[in-house]
Amino acid sequence: MQYGNFDPEKREYVIDKPDTPAPWANYLGSPAYGAIISNNAGGYSFVKSGAAGRLIRYRFNEQDRPGRYIYLREDEVDGKPSDGDYWSASWQPVGKPLDQYKSICRHGTGYTTLEAEYKDIRSEVCYYVPQGAEYEVWKVKVTNKGSKARKISCFGFVEFTCESFYEQDQVNLQYTQFITRTYFKDNFILQTINENCLNAVNESRVETRFFGLAGAKVESFCGDRAKFLGKYHDYGNPISVENGKLCGTLNYNMNPCGALHTVLNLAPGQSADFVFLLGQKRETQAKELVSRYEDAALPGREIEELKVYWHSKLANLNVKTPDDNFNNMINTWNAYQCFITFIWSRAASLIYCGQRNGYGYRDTVQDIQGIIHLDPEMALKQIKFMISGQISHGGALPLVKYSHNPGHEDKPEDASYRNSTGHPSYRADDALWLFPTVWKYIAETGNTALLDEIIPYADKGEDTLFDHLKKAIDFSLNHLGIHGLPAGLHADWNDCLRLGANGISVFVAMQLYYAFEIMIRFSKHRKDSATETKMNELKTRFGKIIEERCWNTDRFVRGITENDVVVGKPGDPEASMWLNPQSWAVISGFADEARGKAILDLVNKELNTKYGVRLMAPSYQKHAFDGALALLFNPSTKENGGIFLQSQGWIILAEALLGRGSRAVEYYLESCPAAQNGIADIRLLEPYVYSQFTESTDSPFEGRSHVHWLTGTASTVMVGCVEGILGFRPDIDGLRLSPAIPAGWKSLTMEKMFRGCKLNIKVNNPDGKESSDQKSGCKKLTVNGTAMEGNYIPASILKAVNEVILDL
Ligand code: GLC
């Protein structure tokens, strides 16, 4: 079943069947004021923290309720009372029969519009958070499309939390139910929390929120949830809406709400425009805001501003391949999701309740990679920030707190850090993600000066960025396990692998090997031959041990436990084949072409499924080693042999680096959300965003996907596509163009901003090749009519606008 479509011109996903198999969400605002909204207006808002700054209620893991509701009620037709039928501007919560109620949800970049038509009344509500603002706007237009005059009552409703800590609000009822009350202030409801503390004990305890109406007159109001809903009534049939009037009760204790009623008298063809506003503001600010929105033109301007902001970022790469699913994802949705994961980290979603109070190190450093090709400046800020989350001994803080204060942070060695973050010790991979990320940034921008920039450590001292990277390598070298390979520590990328202080991780060994390679490139550029020699030696030394210890028969194993048990060898009854060590053997450059092809063929044989490549197989059930926490999950779920989608990006990249474009795109399409638009009832989640994992072959629900939006998948797949399939492989001096595409892609065009220059690229593939020839690079590459050497474009020859033609 299909519930919607992509609108590439507007960069919107358009849902025309509202009974989607899960709430399909969008992100408004930023974590400073964040609002998550589903296609049925479910969701919540918060200030600064989803867990500690919650404004309105949302019940996780339930029926996508409540949310930002607008109810419409027919009061009169041609001056005569009608039967009082009512509905909502979103299909839910009232849920009118879908043969009579037409609805369209447009999720866009920073806004969501819900259009509905019922009984000739059309409503259009655009929800957004103005650029940089810390409140939200619901822009409403109601139109009488019929031939008779109509009197329509319109009710806006939100359910405030009693207290900003959402858990307290839900469970500590003997306290939270008695600290809040509401007031009516002409055109807004004001909610106060701990209001007696104002001007008395501690003003910072006091919170005030408002729900306002501008552009229309408030006819009646209610600030008490129980009164608004009515006994044994629900969001779908509030008694006040049934009655056509709000009773004017304001809560004093128990549960508050914001409900405002306005009456619209609409002649045939006539519209009414007004807005509801919601935020956490003091009374005077609320008043000022509501009056500002009496300017009816303001919302239109603000929505346009949001579009310009986002679309101009997304425009920095625009591709036209023969595959529209690929185009829709790369041009808009995967790119937008990369920005959202970059900005929001794992802060809040309909799954994440907002409890993480910082940036997970590895997740964030990888998230950065997803936006480098679109907004390197934005990436740079976060790179520096994350570098300052490195401890002076080179290890990285598993969680860099939102309150991060470089030079003064405690660390996993300190109980205070462990208690406040829940992270017991170092992970083996965290700091190693800096290498690909810093490399990609410098290669995209040519900004090698960054390497000399001095950045503080989290605990004490400072160094140039280049020395930070050296320290990251030292950390790995100081934490070696058996056979002299990198120890698994608390975990590596895989949260479920406890290989310990002596057991070793092959994935990390590959990452370290790759780190040496990046350091060789940087030291060459810096003419730092001492470091170059050292890194070369380390690369050779580790290469030898990897060869001796990590290869078994026909594959790379996943790790070796401290008791010398090899994890992931052929013939093991469970977990005999693992994806990441194979893909990373290629990405790191450890595996040469022939071996790379052989192991990836084996991946294809043993791990590929119709929805993507499994993380490992067979799943653990009876033969797990002590540290294999994946056992906790059902087979084919998450790390226990599920299709972990983040890893799809790496296998796509690995296949593309080997020049096997057909298989890279085949893997891409297996798990591409857009390509699953027609099987939404199997996948469940939004066809426009990636999720964390998909249940695999052992599950009776193969193909079902979980944990939407905030996932590392967004960035790894983006990199797999941009660097891998599309073949943008910049280095310090220029750009190598090496697309790896299916034989069936006979031509494609790409527009890309690169170091301030515009590239208009045309790729011709009349002979149906899968990649550019490894030796010559391609048949021919011209830039502004001049033939290049191989498939390389020196940055120095670029003009403001460049016509690039690549003949494969
Ligand atoms: C989740 C975590 C990430 C981890 C991955 C694999 O996505 O956020 O840190 O690397 O799972 O276990």
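Counting convention: from 1, in listed order, for ligands and their atoms alike. Note: hydrogens, waters and symmetry copies are ignored here, and every other heavy atom, side chains too, is used.
Side-chain contact check for Phe625 versus Leu499: some heavy-atom pair is nearer than 4.5 Å.
Relative to the six-membered ring of Phe507, Arg558 misses at least one condition, a distance below 6.0 Å or an angle of at most 45° to the axis.
Aromatic ring centroids of Tyr513 and Phe542 lie 6.0 Å or more apart. A distance of 6.0 Å or more separates the ring centres of Tyr359 and His404.
Those atoms of ligand 1 with a heavy atom of Glu639 less than 4.0 angstrom away are 6 (C), 11 (O), 12 (O). Close approach of ligand 1 to Asn494 is summarised as follows: ligand atoms under 4.0 Å from at least one heavy atom of the residue are 12 (O). Of all atoms in ligand 1, listed by their number and element, those nearer than 4.0 Å to a heavy atom of Gln692 are 1 (C), 7 (O).
Considering backbone and side-chain atoms together, Tyr352 places no N or O closer than 3.5 Å to any N or O of ligand 1. The shortest N/O to N/O separation between Trp493 and ligand 1 falls below 3.5 Å.
Contact check on Arg346 versus Asp363 returns a salt bridge, with a Lys/Arg side-chain nitrogen under 4.0 Å from an Asp/Glu carboxylate oxygen.
Nearest protein heavy-atom contact of atom 2 (C) of ligand 1 is Asp495 OD2, 3.4 Å. When only non-hydrogen protein atoms are considered, atom 8 (O) of ligand 1 lies nearest to Asp363 OD2, 2.8 Å.
Residue Phe644 holds the heavy atom nearest to atom 11 (O) of ligand 1 of all those in Phe693, Phe644, Trp433, Tyr361.
Other residues, nucleotides and ligands contribute only 12 or fewer heavy atoms inside 6.0 Å of the CG atom of Asp626.
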